[in-house]
Undergrad: 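Pasting in a structure now, in structure tokens, and then I'll have a few things to ask.
For the numbers below, each heavy atom of this structure counts, side chains included, while hydrogens, waters and symmetry mates do not. The first residue of the sequence shown is numbered 1, and numbering continues consecutively from there. Small disclaimer: the values here were computed from a predicted structure and weren't measured.
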Amino acid sequence: MNKQGKLIKAVIFDIDGTLLDSNAAHAESFVAAFEKYGKNVSFDEIICLIGMGAADVLEKFLTKDEIEEFGEDLKEDRKQRFLEKHLPELKIFPKVRELFEKLKADGFQTALASSASKEELEKYLEKLNISDVLDEETDSDEAENAKPEPDIFLAAFGKLKNVEKKNVLIIGDTPYDAEAAVKAKIQIIGVTSGGWSREKLLEKDCVEVYKSVGEIFDNYEEIFSLNA
């Protein structure tokens, strides 16, 4: 039995801030995209929203008329800035592939729960180099609502085979991941690699919080051991 007190058979991973050091790059892309459309939004205002859906971010700073007028163009501009300017330079957090290899070898199912577009997800998978040890992934077409709503985690869970929610563990880095996991009724452990504090993630009902996926790998036996 693992530390969470339940037998784990599958693990669902968030990507940004969890597997890939990308939260700041997303924020910078938003700042530049807003500026292009005449909106002065600071990095500090944006960074705390990364992990929410782009539509939810726009609603924080644009009027309904502005969203109708140029919201979709702004989101597309943000995406292309991220893919072209930032993604090639981003760092994968240490021991990501090692963790996926270990989970695969030990018979755990794995899935990525991402609200990224298909184009972004394709680039993420190329960058992460885990496709051969990954079972399932999701993209934005599979969730009507982004985090903190549970849709994307439920979509990932729905692709897992012969497993109940009580036997699934989510790993994510933001309060929005935690809120979505709670709504999905799936346990979550947090990582502070995305910039949020241990205290904030525990406050949002993460069952445990680690510094990074690397620390999860280093504590693998404690977290994923099948021995009582």
Side-chain angles (χ1 to χ4, degrees), residues 12-37 39 41-58 60-61 70-101 110-143 146-147 152-153 155-156 170-174 176-177 180 190-196 211-214 216-217:
I12 297 174
F13 290 86
D14 169 61
I15 298 178
D16 291 304
T18 301
L19 305 180
L20 196 62
D21 191 5
S22 53
N23 286 357
H26 279 298
E28 289 170 9
S29 300
F30 263 119
V31 169
F34 275 117
E35 185 177 1
K36 177 180 176 179
Y37 289 90
K39 309 299 289 189
V41 181
S42 72
F43 179 88
D44 287 344
E45 288 177 296
I46 291 288
I47 190 64
C48 61
L49 302 177
I50 299 304
M52 298 176 66
D56 295 319
V57 174
L58 263 58
K60 301 286 186 182
F61 305 103
F70 56 80
E72 289 302 314
D73 290 337
L74 191 155
K75 287 194 291 182
E76 181 64 22
D77 184 85
R78 191 281 323 160
K79 182 178 78 172
Q80 293 306 321
R81 287 176 189 272
F82 175 75
L83 290 176
E84 295 168 14
K85 180 179 180 180
H86 295 286
L87 184 59
E89 305 302 321
L90 294 182
K91 302 299 183 185
I92 302 166
F93 287 119
K95 301 182 181 178
V96 167
R97 182 170 175 86
E98 290 91 330
L99 178 56
F100 276 83
E101 287 177 337
T110 55
L112 299 182
S114 172
S115 297
S117 67
K118 287 184 179 179
E119 182 182 7
E120 286 177 294
L121 183 61
E122 206 172 277
K123 298 293 186 183
Y124 278 156
L125 289 172
E126 289 176 11
K127 186 84 175 179
L128 290 167
N129 186 32
I130 56 172
S131 293
D132 59 320
V133 287
L134 173 69
D135 294 304
E136 303 290 348
E137 69 270 350
T138 64
D139 62 54
S140 57
D141 289 343
E142 299 174 70
K147 302 166 190 171
I152 203 66
F153 286 143
I170 291 171
I171 298 176
D173 70 298
T174 72
Y176 315 116
D177 290 317
V191 287
T192 59
S193 50
W196 290 91
K211 292 179 181 177
S212 64
V213 166
I216 289 174
F217 178 79

Undergrad: Please enumerate all residues that pass side chain to side chain contact (heavy atoms under 4.5 Å, CB included) together with Glu28, with sequence neighbours excluded.
TA: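 Partners of Glu28 under the side chain to side chain contact (heavy atoms under 4.5 Å, CB included) test: Phe43, His86.
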Undergrad: Could you walk me through whether Ile170 and Asp14 pass side chain to side chain contact (heavy atoms under 4.5 Å, CB included), step by step?
TA: CA-CA 8 Å; Ile170 291 171; Asp14 169 61; 6.0 Å; no
Undergrad: Are any side-chain N or O atoms of Lys79 and backbone N or O atoms of Glu119, one a donor and one an acceptor, separated by less than 3.5 Å?
TA: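 Not at all, since once roles are kept as given, no pair shorter than 3.5 Å links the two residues.
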Undergrad: Determine whether a donor-acceptor pair (N or O, by modelled atom type, separation under 3.5 Å) exists between the side chain of Asp21 and the backbone of Phe93.
TA: no
Undergrad: May I ask you to check whether over 12 heavy atoms, not counting those of Lys123, lie within 6.0 Å of atom NZ?
TA: no
Undergrad: Say whether, by atom type as modelled, one donor and one acceptor occur between the side chain of Thr138 and the main chain of Ser114 under 3.5 angstrom.
TA: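 Side chain of Thr138 to backbone of Ser114: a pair is present.
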Undergrad: Measure across Gly71 and Leu58 and return the closest heavy-atom pair with its distance rounded to 0.1 Å.
TA: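 That would be O-CD2, 3.5 Å.
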Undergrad: Would you check if the side chain of Asp173 reaches a backbone N or O of Ser193 as a donor-acceptor pair within less than 3.5 Å?
TA: no
Undergrad: After noting the C-alpha distance and the side-chain angles of Arg78 and Phe34, does the key distance pass the side chain to side chain contact (heavy atoms under 4.5 Å, CB included) rule?
TA: CA-CA 8 Å; Arg78 191 281 323 160; Phe34 275 117; over 6 Å; no
Undergrad: Any Lys/Arg nitrogen of Lys75 or Glu72 sitting under 4.0 Å from an Asp/Glu carboxylate oxygen of the other?
TA: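 Yes.
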Undergrad: How are the rings of His26 and Tyr124 set relative to one another: parallel (under 30°), tilted (30 to 60°) or perpendicular (over 60°)?
TA: perpendicular
Undergrad: Between Lys127 (side chain only) and Pro88 (backbone N and O only), is there a donor and an acceptor less than 3.5 Å apart?
TA: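 Yes, because the side chain of Lys127 sits within donor-acceptor range (under 3.5 Å) of the backbone of Pro88.
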Undergrad: Taking CD in Glu122 as the centre, count heavy atoms belonging to other residues, nucleotides or ligands within less than 6.0 Å. Is the count above 12?
TA: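 Incorrect, the count does not exceed 12.
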Undergrad: Where do Lys60 and Asp56 land on the salt bridge (Lys or Arg N to Asp or Glu O under 4.0 Å) test, with the steps shown first?
TA: CA-CA 7 Å; Lys60 301 286 186 182; Asp56 295 319; over 6 Å; no
Undergrad: So, do Val96 and Phe13 sit near enough that their side-chain heavy atoms are less than 4.5 Å apart?
TA: no
Undergrad: Are the charged groups of Glu76 and Lys36 less than 4.0 angstrom apart, N to O?
TA: no
Undergrad: Just jot down the side chain to side chain contact (heavy atoms under 4.5 Å, CB included) partners of Ser140, sequence neighbours excluded, or say none.
TA: Ser117
